[in-house]
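Before any comments, here is the structure.
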Protein chains: 2
Amino acid sequence: MLEQVLNKIDEDIEASLERLFALLRIESISTDPAYAGAVRRAADWLASDLAAIGFEAAVRPTPGHPMVVAHDPAPPSGPHVLFYGHYDVQPVDPLGEWASPPFEPQIVTVDGRKRIVARGASDDKGQLLTFLEACRAWKKAAGSLPVNVSIILEGEEESGSANLEPFLAGHAAELRADVALVCDTAMWSPTRPAITIMLRGLVGEEFVVTAADRDLHSGLFGGAARNPNHVVADIIAGLHDAEGRVTLPGFYDGVVDLPDEIRQIWDSLGFDPAAFLGTVGLEVPAGEAGRSVLEQVWARPTCEVNGMIGGYTGEGFKTVIPARASAKVSFRLVGKQDPDRIREAFRAFVRSRVPADCSVSFIPHGGSPALQLPHDGRFLERARQALADEWGIEPGLIGSGGSIPVVGMFKQALGMDSLMIGFALDDDRIHSPNEKYELASFRGGIRSWARVLAALAE
Amino acid sequence: MLEQVLNKIDEDIEASLERLFALLRIESISTDPAYAGAVRRAADWLASDLAAIGFEAAVRPTPGHPMVVAHDPAPPSGPHVLFYGHYDVQPVDPLGEWASPPFEPQIVTVDGRKRIVARGASDDKGQLLTFLEACRAWKKAAGSLPVNVSIILEGEEESGSANLEPFLAGHAAELRADVALVCDTAMWSPTRPAITIMLRGLVGEEFVVTAADRDLHSGLFGGAARNPNHVVADIIAGLHDAEGRVTLPGFYDGVVDLPDEIRQIWDSLGFDPAAFLGTVGLEVPAGEAGRSVLEQVWARPTCEVNGMIGGYTGEGFKTVIPARASAKVSFRLVGKQDPDRIREAFRAFVRSRVPADCSVSFIPHGGSPALQLPHDGRFLERARQALADEWGIEPGLIGSGGSIPVVGMFKQALGMDSLMIGFALDDDRIHSPNEKYELASFRGGIRSWARVLAALAE
């Protein structure tokens, strides 16, 4: 039966691609309230598509953007899986750096390989559709799915997932399954798939420093009036020491050294730090001294200023001392670092550095702890074999520097482990202009899920 | 005759105001190329108005925005003066903070005093029109001007004045006069006029730091990739020491302590630092330790970051490590500080702090040395008396923290001193939202110039 399903996938690949294009055309930027209508349209589109596949699907409200939830009306016996993906996308700026409009998907051929270019092509619309298309092929070719599949698709992953945990907790009985399948991670390389077993956590925090009650002329007031640009820059500059370590008191509490077992698995991956940095035009690891690049991005905590702004930033020059300046800062967490304590330590750090005549306000942007999943276990072994069958090579068991808060929430709210299997590549430019998803990722991803579903039924 | 001229001014004040409103409606933002057409329209409007007064006036091209130059076709014998003002204005952002649209001038009454609210109301359209309206009244009431008046109006003062010095040098014979009159400064208080005898210089410089060849996901690359936001913040944070002094090597070369004579003149002004800072919601002098506020803003050099930007700065959050970040920095100069050497010292400072894998580029935004004018002399004495006659109180001989590069250029290119007389107030919000000019400044300014012209003829 699996052979027929795989053949069906290959036969229908053009139609699958058309569906992906339709979803990519919807501008579902969740962080910007101006796009709320588009986010809703993406949810509606997915609920319809799931219904067309044969699921009982609904758009379920939250205080923010809705969830799409689907169940199989005639599930087989055997394991129950809950698939997770997110249909919202990152903002598109700087828009000028896109070679084609971000919401007009294109097929572009580079070095003989076809890729789908659009915002969300990889993160996460392309990825989540690999699973939906696999279900569609099973339903079409076999009449039913090999395991009991439920699906939850989130619309706020790129804007802090504020409503996900309450939603899971409020629908725990409905959503609890034997294992979660999460498709939001990368392959080890274009030819070798991966299962991600370690994720960094995340704390996002914005702070705004205000001084005078208006913008000032820097000639008339410069030298006497406090400049919030300087205050913000001083705070940012103070966040790291000369060795690249984060200076917040208590920041490294709960950071554990890499377990030997995991280190051995990673050593066997043959990671090439020069090639990794070289893909984005860099040569020199810039982080914590004395750590390998793979440790720096998978297993060490970080602090990055994701945005800062103050004063006049348009064309030309304006001799202004601005009334306010601000920065958006994120921390990646590992081990047992506590997001709430990190946030409080950061706020205390900022407050202690805000001088007389200034005030500071904070805007939280989500938080989640780091996560380490079992690197053995029944479902992982089956998925591993299925991926090996599809790609002809053992999948890597890897870490990821990114944060996928839902995996922690599944554990917390539903007592459920996750299998993180994704088909993105490191050069997919997710969150950047010209985001892409390889056609090979899309097709291989659909085929992989078809095999994983079969394997989980065994 | 002067009495008739002053009466004419008061009779015609409504028509004068209408002309000011017409000029204020033209969006002549010189720093933004999108407004080049509006800048040109402002020049045309002024040339027409000068012709209507009775001048031979023309819009004269430069490689940037044009100059408006006018001469009296039938000048009297006696002193020749060259009046300078600028018809370009600053950008209007943050636009949301304007109570009324910046290019729709309004009369607003505050505490019983009428004010004109618009971008450029004070800086410098309102100010330059005080002189033009005084000339108009002289021509109407007396048939001719009391001294030989030439006029030059610049369109690039707010964007670096790149073409002013070459234009002056190229037309030195045409433009050289006995003294320049410059109307771009403030009164000492709403009831006491001033002649500015000391100006700080200015160096404007922008720098852009680039690292990776694209924006990066801070989860996937954070900890290993260089973050330009951190590099720019480190550079900004390094520009001042704990005492508020600028750290550039050689920065204080040529900085001289205030001459005793000037210090005595200033001590007599009765400056209130708490009131000065209080007008903009501040309480604590933030600059160089051990200096009075008046010294800080008039007689000490500064370094201010006027703008900085990097990464995602819109609504919400985006976990990006940007490819680049940048800042616009200005230095106010005093004494004999050399703008070219300061610029070079700054560039060297920045270059020395740009780490591996980063590149930096620089964009210069103008430069001029500080200036100290004679605080006695024939023309100054006459103007002083004329101002005392109009306002009923001796004018203050003051410094200004702002920079008016043209005054140095007049000295350099035309060998000519300037009388800086202006009617702005410190709370005019120039360069800020809700810029205003007091109606009393406008009317008093016109009347003052009428008197100064008469006094200079004596």
Side-chain angles (χ1 to χ4, degrees), chain A residues 31-32 90-91 159 204 212-220 222-227 229-230 233-234 236-237 280-287 293 296-297 300 302 304-321 328 330 332 356-357 365 401-403 430-432, chain B residues 31-32 90-91 159 204 212-220 222-227 229-230 233-234 236-237 280-287 293 296-297 300 302 304-321 328 330 332 356-357 365 401-403 430-432:
Chain A
T31 202
D32 187 340
Q90 283 274 322
S159 56
D213 62 14
R214 67 197 70 172
D215 286 0
L216 304 175
H217 187 298
S218 72
L220 303 189
R226 184 66 63 184
N227 186 331
N229 280 338
H230 302 185
D234 282 347
I236 295 171
V280 297
L282 297 175
E283 286 182 11
V284 186
V293 170
Q296 285 178 343
V297 299
R300 296 297 299 172
T302 66
E304 298 288 348
V305 177
N306 304 113
M308 61 178 192
I309 186 165
Y312 181 71
T313 58
E315 278 274 323
F317 209 83
K318 183 169 168 175
T319 50
V320 69
I321 296 178
K328 298 179 202 265
S330 65
R332 299 283 169 176
D357 267 354
H365 290 284
S403 306
I430 68 169
H431 296 203
S432 297
Chain B
T31 202
D32 186 340
Q90 283 275 323
S159 56
D213 61 13
R214 68 196 69 170
D215 286 358
L216 304 175
H217 187 299
S218 73
L220 304 188
R226 184 65 65 182
N227 185 332
N229 280 338
H230 302 186
D234 281 348
I236 294 172
V280 296
L282 297 175
E283 287 182 12
V284 186
V293 170
Q296 285 178 342
V297 298
R300 296 297 299 174
T302 66
E304 298 287 350
V305 177
N306 304 114
M308 62 177 192
I309 187 166
Y312 181 71
T313 58
E315 278 274 322
F317 209 83
K318 183 170 167 174
T319 49
V320 68
I321 296 177
K328 299 178 200 267
S330 65
R332 299 284 170 176
D357 266 353
H365 290 285
S403 307
I430 69 171
H431 296 204
S432 296

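It should be emphasised that the depicted structure is a prediction, and the values quoted were computed from it without experimental measurement. Residue numbers start from 1 in every chain, and the chains themselves are labelled A, B, ... in the order their sequence lines are given, proteins ahead of strands.
Atom CG of B/Asp234 is separated from atom CG of A/Asp234 by 10.0 Å, given to the nearest 0.5 angstrom. Taken to the nearest 0.5 Å, the CE atom of A/Met308 stands 5.5 Å off from the CD1 atom of B/Ile236. To the nearest 0.5 Å, the span separating OG on A/Ser432 from CG on B/Leu220 amounts to 9.5 Å.
Using a 4.5 Å cut-off between heavy atoms, A/Glu304 touches chain B through backbone and side chain atoms alike. Interface remark: A/Ser159 contributes no atoms to any contact with chain B (heavy atom separation under 4.5 Å). Contact annotation for A/Arg332: only side-chain heavy atoms (C-beta onward) come within less than 4.5 Å of a heavy atom of chain B. When heavy atoms are compared at a cutoff of 4.5 Å, A/Thr313 approaches chain B by way of both its backbone and its side chain. Both the backbone and the side chain of A/Thr31 come within less than 4.5 Å of a heavy atom of chain B.
Taking A/Arg300, A/Gln296, A/Lys318 one by one and counting their heavy-atom pairs under 4.5 Å with chain B, the maximum is reached by A/Lys318. Annotation: maximal heavy-atom pairing with chain B below 4.5 Å, among A/Asn227, A/Ile309, A/Val280, occurs at A/Val280. Comparing B/Ala225, B/Gly204, B/Gly222 by heavy-atom pairs within less than 4.5 Å of chain A, the highest count is held by B/Gly222. Options A/Arg226, A/Glu315, A/Glu283, A/Lys328 differ in how many heavy-atom pairs under 4.5 Å they form with chain B, and the most are formed by A/Lys328. Contact count against chain A (heavy-atom pairs under 4.5 Å) is highest for B/Leu282 among B/Asp215, B/Val297, B/Leu282, B/Val320. Among the candidates B/Ala224, B/Pro285, B/Gly281, the residue making the largest number of heavy-atom pairs closer than 4.5 Å to chain A is B/Ala224. Listed options A/Asn306, A/Thr302, A/Ile321 were ranked by heavy-atom pairs under 4.5 angstrom with chain B; first place goes to A/Asn306. The most heavy-atom pairs under 4.5 Å with chain B, out of A/Gly287, A/Gly310, A/Gly401, come from A/Gly310. The choice from A/Gly311, A/Ala286, A/Ala237 that makes the most heavy-atom pairs within less than 4.5 Å of chain B is A/Ala286.
Side-chain atoms of A/Gln90 and A/Ile430, non-hydrogen and from C-beta on, never get closer than 4.5 Å to each other.
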Legend entry - side-chain contact (heavy atoms from CB on, under 4.5 Å) evaluation trace for B/Val305 with A/His230: CA-CA 7 Å; B/Val305 177; A/His230 302 185; 3.7 Å; yes
